[in-house]
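Lettering follows sequence order; numbering is per chain, from 1.
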2 protein chains.
Amino acid sequence: MSDNIADRFDRIRVPSAYEMVADAIESEIVSGRLRPGDEIGTEAALVRQFGVNRSTVREGIRVLEQGGLVRREAGRKLYVCEPRHSALSSRMSRALVLQDVTFRELFDTALILEVGAVEGAVAHADDDVIAALEANQSRIEEAIGNPVLLSEIDTEFHALVAHASRNRVLELAREPAAILFFPSSEMICRRVPEGGPRMVEAHRRIIDAIKARDLDLARTWMRRHLVDWRKGFVRAGREIDAPVERIFARYALSRSSI
Amino acid sequence: MSDNIADRFDRIRVPSAYEMVADAIESEIVSGRLRPGDEIGTEAALVRQFGVNRSTVREGIRVLEQGGLVRREAGRKLYVCEPRHSALSSRMSRALVLQDVTFRELFDTALILEVGAVEGAVAHADDDVIAALEANQSRIEEAIGNPVLLSEIDTEFHALVAHASRNRVLELAREPAAILFFPSSEMICRRVPEGGPRMVEAHRRIIDAIKARDLDLARTWMRRHLVDWRKGFVRAGREIDAPVERIFARYALSRSSI
DNA sequence: ATGAGACCGTTTGTCCGACAAAGCGGATAA
DNA sequence: TTATCCGCTTTGTCGGACAAACGGTCTCAT
């Protein structure tokens with residue numbers, strides 16, 4: 001009854017005990033009183049402190065774990081996570097797949113983000129990252145003809161470029177798309193053999209442009225590199241407006257949840 | 001012992017029962033056998049099907065809930081989520097805050113993403129979204145002088161522009177940054193009164209450029225709008241290289257988890 | 001003295017059974 | 001027909017229990 005006018009009030013939610021447990025620990029972490037690497041007590045200790053049942057504590061811990069705030073070291077203790085290690089990106093990717101986003105959406109976004117990343121890299125890359133990029137490049141030569149290895153190296157290359165931008169927000173923003181986007185280059189390399197050499201050259205030019213701090217050149221080659229991907233995608237017989245296959249969700253998930 | 005050479009094998013993880021429960025339901029959803037809006041059975045039913053204890057089932061449900069795959073309708077039944085409603089973005093934002101990212105990182109990324117969004121909007125905006133943008137604009141005039149309302153409208157404006165791009169990947173990619181970025185305009189409007197009228201003009205120009213399908217103009221005004229933000233930020237006496245205050249994490253979280 | 005192996009307490013993962021409170025649906029009364 | 005009540009179902013929480021895995025210590029043989 002009374003759906004006739006716009007609802008003024010939100011539904012009242014009584015927080016349950018496990019949510020309060022999770023919130024209590026979360027606010028300790030967010031406020032900085034618990035720092036990454038610190039250990040949370042044992043379940044028994046939390047039971048004592050919160051005065052709730054262990055099942056309740058455990059549900060709260062699951063919530064925090066999935067939120068990427070705490071992790072359980074292989075066997076036992078609970079530690080506060082360093083947040084970059086959290087597996088949130090893969091969950092984002094999964095959400096994208098469930099929305100049946102198309103390869104075109106993926107491509108358009110990757111173009112924006114990767115060009116942005118290389119711009120940042122030109123501005124901020126230091127010797128360490130450049131060395132890492134060169135190391136990545138040195139592995140690519142021998143990987144030609146091996147699609148699996150090639151796509152792995154390509155994925156790492158783009159992650160390194162993003163890292164070189166010294167912009168963690170950008171690094172995080174590109175990840176969900178990257179997880180879905182770059183693995184598909186394996187399929188392309190398999191069907192379009194000339195894709196390999198073109199990738200090698202593009203990477204080479206991008207690294208050189210970063211080293212030379214040449215913004216335009218870096219932009220141009222990154223864009224070219226991605227347009228190559230799209231061309232290869234089409235030449236491999238795939239439809240760019242088709243939704244990303246759901247298989248990728250499982251793939252992306254299993255790779256990044258380790 | 002034997003840390004001397006690179007480890008070849010990953011640690012073996014024996015999946016626990018609640019993880020298997022979560023995985024089983026997840027793969028039903030990802031594969032499409034369970035569709036958004038479908039209801040999962042009651043806890044008792046899951047206990048029967050999986051042959052595990054209810055505590056175990058409940059832990060598995062917590063995992064799925066946090067992963068944004070299922071939601072619990074106010075009171076009772078478990079439903080498969082429509083993935084866009086998931087609160088993953090706010091968790092991403094939280095991770096960013098915990099990494100002490102700076103406003104500069106936030107700004108640089110927002111610039112890339114918002115300009116990308118408006119480019120997409122110029123290409124793909126339809127009448128409905130343009131109407132929504134105009135409606136948003138019509139509310140802004142009376143909000144001048146009300147920083148809270150103004151920043152709310154600005155946030156909605158940018159979300160609408162992103163939506164107009166018809167690119168869900170981009171929409172999702174910008175969200176974690178947007179959650180942290182735009183609320184800070186409230187603080188700016190409070191301290192830099194001339195920010196309000198400048199925002200009104202920028203929005204007006206951007207909408208007009210989208211309607212006129214004028215790519216360059218849209219880009220220019222979006223960039224100008226964001227640079228204005230940065231100027232205001234500095235004039236408000238804030239340090240652009242300072243980390244985003246942790247207060248924003250709670251703010252962002254409480255606003256989006258409803 | 002030192003390293004290997006056994007031993008024991010701790011902690012987690014799982015199970016069982018139970019109960020109050022909240023929601024839902026049907027029956028009943030006005 | 002509408003409002004109220006009652007009973008059933010389901011969730012949220014509780015208490016207690018136990019096997020397996022892990023960590024640390026202690027002993028024993030070399």
From [atom1] of [X] over to [atom2] of [N], roughly how many Å is that when rounded to an integer?
{"X": "Leu78(A)", "N": "dT12(C)", "atom1": "CG", "atom2": "P", "value": "7 Å"}
{"X": "Leu46(B)", "N": "dT9(D)", "atom1": "CG", "atom2": "C1'", "value": "15 Å"}
{"X": "Tyr18(B)", "N": "dC15(C)", "atom1": "OH", "atom2": "P", "value": "13 Å"}
{"X": "Ile61(A)", "N": "dG13(C)", "atom1": "CD1", "atom2": "P", "value": "8 Å"}
{"X": "Phe50(B)", "N": "dC15(C)", "atom1": "CZ", "atom2": "C1'", "value": "17 Å"}
{"X": "Glu19(A)", "N": "dG12(D)", "atom1": "CD", "atom2": "P", "value": "8 Å"}
{"X": "Glu59(B)", "N": "dT14(C)", "atom1": "CD", "atom2": "P", "value": "7 Å"}
{"X": "Glu43(B)", "N": "dC19(C)", "atom1": "CD", "atom2": "P", "value": "19 Å"}

Answer yes or no: does a side-chain N or O of [X] lie under 4.0 Å from OP1 or OP2 of [N]?
{"X": "Arg58(B)", "N": "dT11(D)", "answer": "no"}
{"X": "Asn53(A)", "N": "dT13(D)", "answer": "no"}
{"X": "Thr56(A)", "N": "dC14(D)", "answer": "yes"}

In the structure I gave you, are the side-chain heavy atoms of [X] and [Y] within less than 4.5 Å of one another anywhere?
{"X": "Val63(B)", "Y": "Glu19(B)", "result": "no"}
{"X": "Val169(A)", "Y": "Asp108(B)", "result": "no"}
{"X": "Thr109(A)", "Y": "Leu172(B)", "result": "no"}
{"X": "Pro176(B)", "Y": "Met92(A)", "result": "yes"}

Practice item. Please figure out whether Thr42(B) or Val52(A) has its closest DNA chain D nucleotide nearer the 5' end. Key: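 Nearer the 5' end of the strand: Thr42(B).
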Could you go through nucleotides 17-20 of chain D and list every protein N or O atom that sits under 3.5 Å from one of its N or O atoms, giving the distance for each pair?
{"from": "dA17(D)", "atom 1": "N6", "to": "Arg54(A)", "atom 2": "NH2", "distance (Å)": "3.3"}

Review point. Arg72(B) side chain: which of dC16(C), dG12(D), dG13(C) is closest?
Key: dG12(D)
Check your understanding: Between dG13(C), dG12(D), dC15(C), which one does the side chain of Arg62(A) approach most closely?
Key -> dG13(C)
Revision key, fill the gap. Partner of Glu28(A) under side-chain contact (heavy atoms from CB on, under 4.5 Å), picked from Leu34(A), Ile40(A), Val80(A), Asp23(A), is Leu34(A)
Review point. Do Arg62(B) and Glu65(B) meet the salt-bridge criterion of a basic N to acidic O distance under 4.0 Å?
Key: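 Here Glu65(B) pairs with Arg62(B) in a salt bridge, since their nearest N and O are under 4.0 Å apart.
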Exercise for review: Go through the side-chain N and O atoms of Glu105(A) and Thr102(A) and say whether any donor and acceptor fall under 3.5 Å apart.
Suggested key: yes
